[in-house]
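Here is the structure we will look at.
Basis for what follows: all heavy atoms, side chains included, without hydrogens, waters or symmetry-related copies.
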Amino acid sequence: MTRYGLGIDIGGTFTDIVLVRNDGTLFSKKLLSTPADYSQAIEQGVAALMREACIDGADIGQLVHGTTVATNAIIERRGALAALLTTRGFRDVLELGRFRSPRLYDLAFRKPDPLVERRLRFEVSERCDADGNVVQPLDMDELAQIAGTIERHGVQALAVCFINSHVNPAHEQAAVRFLAERLPKVSVSASTALVPQIGEYERTSTTVVNAYLQPVIAHYVSALERRLAPLAIGAPLMIMQSSGGVLPASLVAETPIFIIESGPAAGALGAQRLGAHLGLGDLIVFDMGGTTAKSCIVQDGQLGLAPETEVGGSASLGARMIKGAGFIVQVPTIDIAEVGAGGGSIAHIDPAGGMQVGPRSAGAEPGPVCYARGGTQPTVTDANLLLGYLNPDALVGGDLALDYRAAEAAVGALGERLGLSLTDTAYGIHLIANATMMRALQAVTSERGRDPSQFGLLAIGGNGGVHAANLAEALKVDRIIVPPVAGLFSALGMLFADIEHQFISAFFRRLDGVRADELNTVLDPSVREAQRLLAIEGFGDADRHEIAVYADVKYAGQTAPLSLRLPAFPVSDAMVGAIPGRYGDAHEQTYGYRSDAEPIQFVSLKVIGRGIADAPRVPERVVHARPSAPRQGTRRAYFGLEAGWQEARLVSRAALGEVALPGPLIVEEYDCTTVVRPHWRVRVDGWNNMIVERENRHA
């Protein structure tokens with residue numbers, strides 16, 4: 001039976017949609033995003049693809065969506081009017097936070113204001129000690145008064161987080177039950193239901209972020225489902241999670257903290273699955289879109305998982321080891337470094353008189369100057385157009401006409417202020433963007449003790465192929481992989497994901513003396529719940545699901561744990577005994593040293609239940625149903641001071657074969673452009689990936 005998978009990815013500039021038949025035939029659509037109502041572009045694009053493929057909604061057996069709506073709601077402060085209920089004495093924990101600054105010597109740096117105003121942070125009398133013993137009972141009279149105040153202020157969402165509730169949740173659960181009944185129109189988020197683990201700031205921050213987002217994401221999900229309803233798609237709407245799995249939209253609406261990194265995770269997960277399917281080896285994944293550039297690594301076939309992420313801070317910081325810029329969210333997240341450098345990043349002159357690029361972006365509205373949609377400030381895309389890398393007439397198969405002269409005027413005006421020629425200004429913008437993106441690439445490789453030259457560089461995103469060769473040269477990487485529909489790869493990659501449920505349990509114990517049966521007692525309820533949910537979704541048989549268990553551990557006295565996957569459940573004493581050595585190896589690889597004499601501390605235990613599809617999610621080959629028309633001719637392109645301006649041959653992916661063609665060469669496609677620099681060559685492999693290699697690679 002012919003079935004289709006539908007993947008939808010919303011970015012800051014473009015909305016990407018792919019429709020993939022089970023034999024790998026692919027239809028795609030790339031539209032400018034509609035920030036006023038993101039579902040508008042989705043509805044238009046999906047309807048257009050269904051007409052093009054001549055199918056109806058019943059033919060679609062998989063519907064997965066990745067979105068930046070949650071992240072954008074925090075960055076743009078468009079979340080719900082939220083309140084916080086906490087233990088007396090802990091009203092200001094959001095202000096105090098962690099004593100961390102991402103820029104130690106920047107006296108002008110300020111953390112973002114808390115998502116809950118101080119006037120809406122309420123204290124109630126109650127207290128449990130660190131062992132869970134009740135020190136002071138919950139004062140229900142105070143709670144009733146607070147409920148009345150919340151109602152009068154028109155609060156839409158409430159976060160409840162009591163001190164030590166991860167050890168004894170009784171007070172918090174009683175408060176949530178009372179408030180849910182008293183305030184039926186207010187969504188309530190409880191820390192014990194989200195992240196029952198030690199760390200009052202981290203737990204409070206995570207709960208507040210969930211409360212702040214919950215009404216927004218619930219409205220977004222319902223609006224999207226209404227938009228898609230006339231198309232009669234039979235498959236349920238699934239949302240990409242930060243950890244690389246997908247979750248039913250109804251559950252995401254209740255726990256939006258799991259989709260903070262939804263969009264970036266899709267590209268990373270797709271790269272990992274593709275690499276495993278084809279045996280591509282260790283990979284640096286480089287994803288450059290219109291607003292940001294992201295990077296992560298796939299090593300030994302696995303993606304790294306971080307136990308927490310930050311949201312709402314400066315994207316230009318670029319490394320997870322530099323904390324303190326945003327709001328902590330403690331959920332498993334693919335370890336991705338992100339910088340504010342994309343095709344829409346704006347070039348400007350800083351107070352010192354030098355040129356900077358980003359992190360501000362022109363986005364979809366007004367977009368780069370060459371889009372002729374009202375943009376006036378030069379961007380990376382404008383520079384790449386002037387350098388000859390992009391088609392001077394149009395992008396996305398001719399759907400987006402470009403104004404070359406307007407880009408020339410904007411970049412030229414910046415150059416005049418700097419005393420630079422047009423070419424030097426454009427190439428300077430290109431190189432500064434590269435330097436910013438190098439921070440993300442190094443953050444996941446050399447800063448983590450990995451030699452980037454031992455990895456392949458998998459380039460995705462609409463701009464990934466334009467910048468990949470320059471970055472590969474700087475990293476001493478010899479091989480670049482550009483997969484089919486690279487500019488839409490996040491939308492494709494999310495179709496490779498499994499349904500996934502995550503559970504967190506408190507377990508703050510020193511490793512010394514911990515027995516396997518104690519771990520199993522804590523893990524067992526989460527394992528059973530994961531199996532129950534997967535059975536409801538059709539993955540009840542033992543060979544149709546996978547249960548993965550993780551321990552977040554650290555050296556005693558440290559603040560940042562690392563996640564270790566335990567080999568199996570139930571956990572054995574031998575597995576517990578192996579933790580010190582495994583943790584030492586992970587710590588040394590991440591931070592460059594180990595301390596085997598230090599005691600090890602458990603922080604929490606996690607369970608991830610995954611549904612396993614009855615057929616491989618990665619097709620044997622992906623071929624576009626409407627491949628780009630074969631390109632002919634050449635175009636002048638600039639390759640720096642040493643190579644200068646050269647005539648670059650224009651080709652399409654369909655014109656490439658297994659025999660490599662030498663650069664300079666530009667591969668133009670509907671969704672992206674790939675620049676093959678001099679002394680590099682390009683071919684395609686059996687999966688239709690472009691393989692770009694140095695000419696002297698095997699010398």
Side-chain angles (χ1 to χ4, degrees), residues 80-94 115-116 118-215 218 251 253-257 330-331 503-508 521-522 524-526 528-529 532 604-605:
L81 180 62
L84 169 65
L85 176 67
T86 189
T87 305
R88 186 165 301 283
F90 289 84
R91 181 184 187 186
D92 295 319
V93 70
L94 293 177
L115 297 175
V116 177
R118 195 171 192 272
R119 67 186 180 91
L120 295 178
R121 296 181 223 146
F122 302 101
E123 298 176 318
V124 66
S125 298
E126 73 82 34
R127 190 65 182 260
C128 292
D129 66 18
D131 295 321
N133 302 309
V134 176
V135 176
Q136 182 177 8
L138 174 63
D139 190 323
M140 299 303 294
D141 292 334
E142 280 187 19
L143 192 60
Q145 293 175 7
I146 291 170
T149 305
I150 289 172
E151 193 170 27
R152 287 193 298 274
H153 280 292
V155 168
Q156 300 167 294
L158 175 65
V160 183
C161 186
F162 292 165
I163 185 69
N164 294 325
S165 61
H166 64 288
V167 182
N168 182 353
H171 286 178
E172 190 171 296
Q173 291 172 348
V176 168
R177 286 194 299 269
F178 175 84
L179 293 166
E181 183 177 345
R182 175 71 183 270
L183 304 170
K185 295 182 180 180
V186 177
S187 65
V188 181
S189 298
S191 76
T192 50
L194 295 171
V195 279
Q197 59 189 41
I198 194 169
E200 66 267 22
Y201 165 66
E202 291 81 2
R203 192 155 39 88
T204 304
S205 176
T206 303
T207 310
V208 165
V209 169
N210 194 80
Y212 186 77
L213 292 175
Q214 200 275 327
L251 296 180
E254 295 298 321
T255 54
I257 52 169
Q330 283 199 324
V331 295
F503 304 90
I504 302 172
S505 301
F507 194 78
F508 194 73
T521 299
V522 176
D524 187 67
S526 296
R528 290 179 181 274
E529 180 63 9
R532 185 187 71 82
S604 61
L605 301 176

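The nearest pair of heavy atoms linking Ala130 to Val167 is O-CG2, 3.6 Å. Contact between Ala506 and Val522 at its shortest, heavy atoms only, is O-CG1, 3.9 Å. The heavy-atom pair separating Glu142 from Asp139 by the smallest distance is N-OD1, 3.1 Å. Nearest approach of Ser505 to Ser526, heavy atoms of both residues: OG-OG, 3.4 Å. Here the shortest heavy-atom pairing between Glu126 and Leu138 reads CB-CA, 3.8 Å. A pairwise comparison of heavy atoms in Val176 and Ala190 identifies CG2-CB, 3.6 Å as the closest pair.
A donor-acceptor pair under 3.5 Å is formed between the side chain of Thr255 and the backbone N or O of Leu251. Proximity of a side-chain donor or acceptor of Gln197 to a complementary backbone N or O of Ser604 within less than 3.5 Å is not detected. In this structure, the side chain of Arg91 engages the main chain of Arg118 through a donor-acceptor pair within 3.5 Å. Looking at Glu172, its side chain does come within 3.5 Å of a backbone N or O of Phe162 through a donor-acceptor pair. Of the possible polar contacts, one joining the Asp129 side chain to the Asp131 backbone as a donor-acceptor pair under 3.5 Å is found.
Using a 4.5 Å heavy-atom cutoff, the side chains of Glu151 and Thr149 are not in contact. Counting heavy atoms from C-beta on, the side chains of Ser165 and Ser191 come closer than 4.5 Å. For the pair Cys128 and Ile163, the minimum side-chain heavy-atom distance is 4.5 Å or more. At a threshold of 4.5 Å between non-hydrogen side-chain atoms, the residues Leu115 and Leu94 do not count as touching. Between Val186 and Leu179, every side-chain heavy-atom pair lies at or beyond the 4.5 Å cut-off. A 4.5 Å side-chain heavy-atom check between Gln136 and Arg88 finds every atom pair outside the cut-off. At least one side-chain heavy atom of Thr204 sits less than 4.5 Å from a side-chain heavy atom of Val208.
A donor-acceptor contact closer than 3.5 angstrom is absent between the side chains of Thr206 and Arg203. Inspection of the Thr192 and Gln173 side chains reveals no N or O donor paired with an N or O acceptor under 3.5 Å. Side-chain contact of Ser189 with Asn210: a donor-acceptor pair under 3.5 Å is present, judged by distance alone.
Leu85 CG to Glu123 CD: the interatomic distance, rounded to the nearest 0.5 Å, is 9.5 Å. Considering CZ of Arg127 and NE2 of His171, their distance stands at 12.0 Å, rounded to 0.5 Å. With rounding to the nearest 0.5 angstrom, the CD atom of Gln330 is 10.0 Å from the OH atom of Tyr201. A distance of 5.0 Å separates CD in Glu529 from CZ in Phe503, rounded to the nearest 0.5 Å. Ile146 CD1 to Met140 CE: the interatomic distance, rounded to the nearest 0.5 Å, is 10.5 Å. Interatomic distance, CG of Leu605 versus CD1 of Ile504, reported as 10.5 Å (0.5 Å rounding).
Partner of Phe122 under the side chain to side chain contact (heavy atoms under 4.5 Å, CB included) criterion, out of Leu84, Leu158, Ile150, Val116: Ile150 alone.
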Go through it in stages, so that I can follow the logic: the residues are Thr86 and Val93, the test is side-chain contact (heavy atoms from CB on, under 4.5 Å), and I'd like the CA-CA distance, side-chain angles, deciding distance and then a yes or no. CA-CA 9 Å; Thr86 189; Val93 70; 5.6 Å; no

